[in-house]
Number of protein chains: 2
Amino acid sequence: MNDKFFDLPKEKQERIINAGFRVFSRNSYKKSPVQQIADEAGISKSLLFFYFKNKKELFLFLMKKVEEITTQALLASKCYEASNIFDMMYLGLQAKVGIMKDYPDITNFSVKAYYDDDPDIRDDVRKIVQPYTQLETNQSIPPLDPKDFKEGIDLRLMYRDMYLASEGYIWQMSQTGVIDVARILQEYKEMIDFWRELYARKENT
Amino acid sequence: MNDKFFDLPKEKQERIINAGFRVFSRNSYKKSPVQQIADEAGISKSLLFFYFKNKKELFLFLMKKVEEITTQALLASKCYEASNIFDMMYLGLQAKVGIMKDYPDITNFSVKAYYDDDPDIRDDVRKIVQPYTQLETNQSIPPLDPKDFKEGIDLRLMYRDMYLASEGYIWQMSQTGVIDVARILQEYKEMIDFWRELYARKENT
DNA sequence: ATGGTATTAACCGATTCGGTCAATGACACA
DNA sequence: TGTGTCATTGACCGAATCGGTTAATACCAT
């Protein structure tokens with residue numbers, strides 16, 4: 001790709017990136033016209049081909065951009081340093097909501113790209129996604145110390161409950177399109193506090 | 001449309017319907033080729049145009065089919081007659097899983113169709129979906145009697161928790177594609193029993 | 001004016017699309 | 001075997017769309 005892309009004003013770069021996320025998230029790779037990306041970015045198709053030598057390069061650039069954005073945001077959120085599972089989940093979702101405010105279609109884009117089996121891109125996508133797959137805040141249960149929680153709670157099911165509800169949250173958000181960060185975070189905080197009250201052991205010395 | 005479609009063996013009808021769900025769920029209406037639907041259904045494009053006079057008619061037929069399938073399945077599940085919220089949610093999800101076994105792409109299809117704003121179909125889609133939108137097992141909280149649940153539980157948040165987790169469940173399912181009904185229902189039953197233990201008042205006379 | 005850079009309109013060959021239609025296959029009955 | 005009926009298809013069409021190129025233009029500092 002042409003490095004002059006990075007000399008563009010940040011705002012224009014992001015307009016192009018978001019246009020790419022948006023168009024590629026609505027159709028498969030093959031069925032996503034470069035022309036439409038250019039239109040939504042407010043530039044000409046020729047200019048897009050000036051910065052990216054072809055459609056594939058643009059697509060893979062966006063793919064890598066997803067990885068960069070998410071890893072950086074999760075790191076900055078300090079969710080990995082949280083002292084308990086509730087803060088951890090809140091910070092994690094806070095980071096994701098922040099991302100989706102700046103890049104509303106990034107979630108749908110990455111899901112779509114991941115499952116696209118077009119031979120033109122399939123292998124390259126796998127290669128980019130692979131190291132990133134394991135790291136992600138995942139369905140795998142983090143280490144939980146039973147003495148932090150009320151007695152008799154099945155920690156496996158507790159975590160599954162919270163994990164699935166969070167996924168449901170993000171999914172709803174990615175569908176409706178409207179992302180009111182403040183409202184969403186306040187609602188999610190209610191949810192987290194509800195869980196904390198429900199699950200956490202209080203009489204902690 | 002040509003009524004002879006309904007004279008076809010049920011299995012062939014369903015093959016065509018599922019092919020339609022699948023193709024239309026992966027791309028927008030405009031970008032979904034009729035040829036591909038015919039291929040996945042194992043028939044010729046000409047035959048598809050024999051049963052449906054054009055692409056739009058086929059699409060709207062599928063749209064109505066979604067409504068028919070879901071309302072009928074939810075009714076048959078008797079989830080509306082359940083005596084408590086836990087049974088109700090279980091029966092509801094059981095019905096949806098059953099649907100997704102027979103029609104793996106129906107969820108993604110209906111979501112995609114709902115948000116497709118192609119002027120060729122937009123208005124007709126709204127017209128079909130409208131009466132169906134209100135009925136659906138929704139985010140709106142069903143009437144819950146506080147004396148059925150443990151004291152101090154915020155019923156609004158309790159329901160939101162369960163609702164979102166269920167949505168998360170369905171979303172995960174619709175993505176992975178593999179639908180192992182038995183395993184999923186057993187896992188969900190675990191989840192429901194966990195909630196019942198957590199939320200329901202036990203010392204019921 | 002001049003020179004360099006960012007940006008575009010116009011264009012191209014190839015492909016794909018929705019839709020049509022004449023031809024073929026399958027099967028029943030004579 | 002001949003014939004009629006009906007389901008099904010291959011081949012085709014004009015129009016539209018696609019990715020990508022290129023020569024020309026707009027912009028701006030000197």
Side-chain angles (χ1 to χ4, degrees), chain A residues 1-17 19-20 22-63 112-113 116 118-122 124, chain B residues 1-17 19-20 22-63 113 116-122 124:
Chain A
M1 66 178 292
N2 191 333
D3 281 339
K4 285 180 184 169
F5 173 78
F6 300 108
D7 296 338
L8 289 174
K10 266 277 175 294
E11 178 262 337
K12 198 167 184 176
Q13 287 184 40
E14 305 252 307
R15 239 169 49 219
I16 294 172
I17 290 169
R22 190 174 155 102
V23 173
F24 281 125
S25 75
R26 278 163 172 66
N27 294 100
S28 68
Y29 169 75
K30 204 192 304 193
K31 298 288 184 182
S32 297
V34 176
Q35 177 71 67
Q36 196 181 336
I37 298 176
D39 290 346
E40 301 211 8
I43 63 173
S44 68
K45 186 179 62 164
S46 324
L47 189 55
L48 210 46
F49 276 113
F50 174 70
Y51 292 125
F52 303 92
K53 80 166 197 276
N54 54 34
K55 186 178 177 179
K56 181 175 176 178
E57 191 182 81
L58 168 59
F59 182 81
L60 293 177
F61 165 78
L62 291 173
M63 202 74 243
K112 193 107 189 171
D116 201 321
D118 191 316
D120 283 358
I121 52 159
R122 203 185 43 207
D124 301 85
Chain B
M1 68 177 292
N2 191 333
D3 281 339
K4 285 180 183 168
F5 174 79
F6 300 108
D7 295 340
L8 290 175
K10 266 280 175 289
E11 178 262 338
K12 198 167 185 177
Q13 287 186 40
E14 305 252 307
R15 239 170 48 220
I16 294 172
I17 290 169
R22 191 173 154 102
V23 172
F24 280 125
S25 74
R26 277 163 172 66
N27 292 101
S28 67
Y29 169 74
K30 204 193 301 194
K31 298 288 183 182
S32 297
V34 175
Q35 177 71 68
Q36 196 181 336
I37 299 176
D39 290 346
E40 301 210 9
I43 62 174
S44 68
K45 186 179 60 162
S46 323
L47 189 55
L48 209 45
F49 276 112
F50 174 70
Y51 291 125
F52 303 92
K53 80 167 196 274
N54 55 33
K55 186 179 177 179
K56 181 174 175 178
E57 191 181 81
L58 167 59
F59 181 82
L60 293 177
F61 164 77
L62 291 173
M63 201 77 243
D116 200 320
D117 64 344
D118 191 316
D120 283 358
I121 53 158
R122 201 185 43 207
D124 301 85

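Every chain is numbered from 1, with letters handed out A, B, ... down the list of sequences.
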Novice: Not counting sequence neighbours, which residues clear side chain to side chain donor-acceptor pair (under 3.5 Å) with B:Asp39? List them please.
Specialist: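 Checked B:Asp39 against side chain to side chain donor-acceptor pair (under 3.5 Å); matches are B:Gln35.
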Novice: Who passes ring-ring contact (aromatic ring centres under 6.0 Å, His included) against A:Phe49, sequence neighbours left out?
Specialist: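 Here no residue qualifies.
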Novice: Looking at residues at least two apart in the chain, or sitting in another chain, which of them share a side chain to side chain donor-acceptor pair (under 3.5 Å) with B:Gln13?
Specialist: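 With sequence neighbours excluded, B:Gln13 shows a side chain to side chain donor-acceptor pair (under 3.5 Å) to no residue whatsoever.
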Novice: Report yes or no: is the cationic atom of A:Lys55 (NZ for Lys, CZ for Arg) under 6.0 Å from the centre of the six-membered ring of A:Tyr29, at an angle within 45° of the ring normal?
Specialist: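 Ring-cation test returns yes.
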Novice: Produce a footprint string for nucleotides 25-30 of chain D: one letter per nucleotide, 5' end first; B if the base is under 4.0 Å from any protein heavy atom, S if only the sugar-phosphate is, - if neither.
Specialist: ------
Novice: Just the endpoints, please: which first and last nucleotides of DNA chain C, 5' to 3', lie under 4.0 Å from a heavy atom of chain A?
Specialist: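 Extent of the interface on DNA chain C: C:dA6 to C:dC17.
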Novice: Could you name each residue pair satisfying salt bridge (Lys or Arg N to Asp or Glu O under 4.0 Å) that touches residues 22-33 of chain B, not counting sequence neighbours?
Specialist: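 Qualifying pairs, neighbours excluded: B:Arg22-B:Glu40, B:Arg26-B:Asp105.
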Novice: Taking side chain to side chain donor-acceptor pair (under 3.5 Å) as the definition, give me every residue that meets it alongside B:Ser28, ordered by chain and number, with sequence neighbours left out.
Specialist: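 Partners of B:Ser28 by the side chain to side chain donor-acceptor pair (under 3.5 Å) criterion, ordered by chain and then number, come out as A:Asn27.
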Novice: List the atom pairs, donor and acceptor, that lie under 3.5 Å between side-chain atoms in residues 41-48 of chain B and the rest of the protein, sequence neighbours left out.
Specialist:
{"unit_1": "B:Ser44", "atom_1": "OG", "unit_2": "B:Leu47", "atom_2": "N", "d": "3.3"}

Novice: If you look at every strand shown and take non-hydrogen atoms under 4.0 Å, does B:Leu58 touch a base, only sugar-phosphate, or nothing?
Specialist: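 Touches nothing.
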Novice: Mind checking what makes salt bridge (charged side-chain N to carboxylate O under 4.0 Å, His left out) contact with A:Asp124, not counting sequence neighbours?
Specialist: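 With sequence neighbours excluded, A:Asp124 shows a salt bridge (charged side-chain N to carboxylate O under 4.0 Å, His left out) to A:Lys56, given in chain and number order.
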Novice: Listed by chain and number, what are the side chain to side chain donor-acceptor pair (under 3.5 Å) partners of A:Asp116, not counting sequence neighbours?
Specialist: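 A:Asp116 satisfies side chain to side chain donor-acceptor pair (under 3.5 Å) with no other residue.
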Novice: For A:Arg15, give me all partners under salt bridge (charged side-chain N to carboxylate O under 4.0 Å, His left out), at least two apart in sequence or on another chain.
Specialist: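 For A:Arg15 the salt bridge (charged side-chain N to carboxylate O under 4.0 Å, His left out) partners, ignoring immediate neighbours, are A:Glu11.
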Novice: Does D:dT8 have its OP1 or OP2 closer than 4.0 Å to a side-chain nitrogen or oxygen of B:Tyr51?
Specialist: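 Yes.
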Novice: Treating primed atoms plus P, OP1 and OP2 as sugar-phosphate and everything else as base, which nucleotides of nucleotides 9-21 of chain D get B, S or - for protein heavy atoms under 4.0 Å?
Specialist: BB------SSBBB
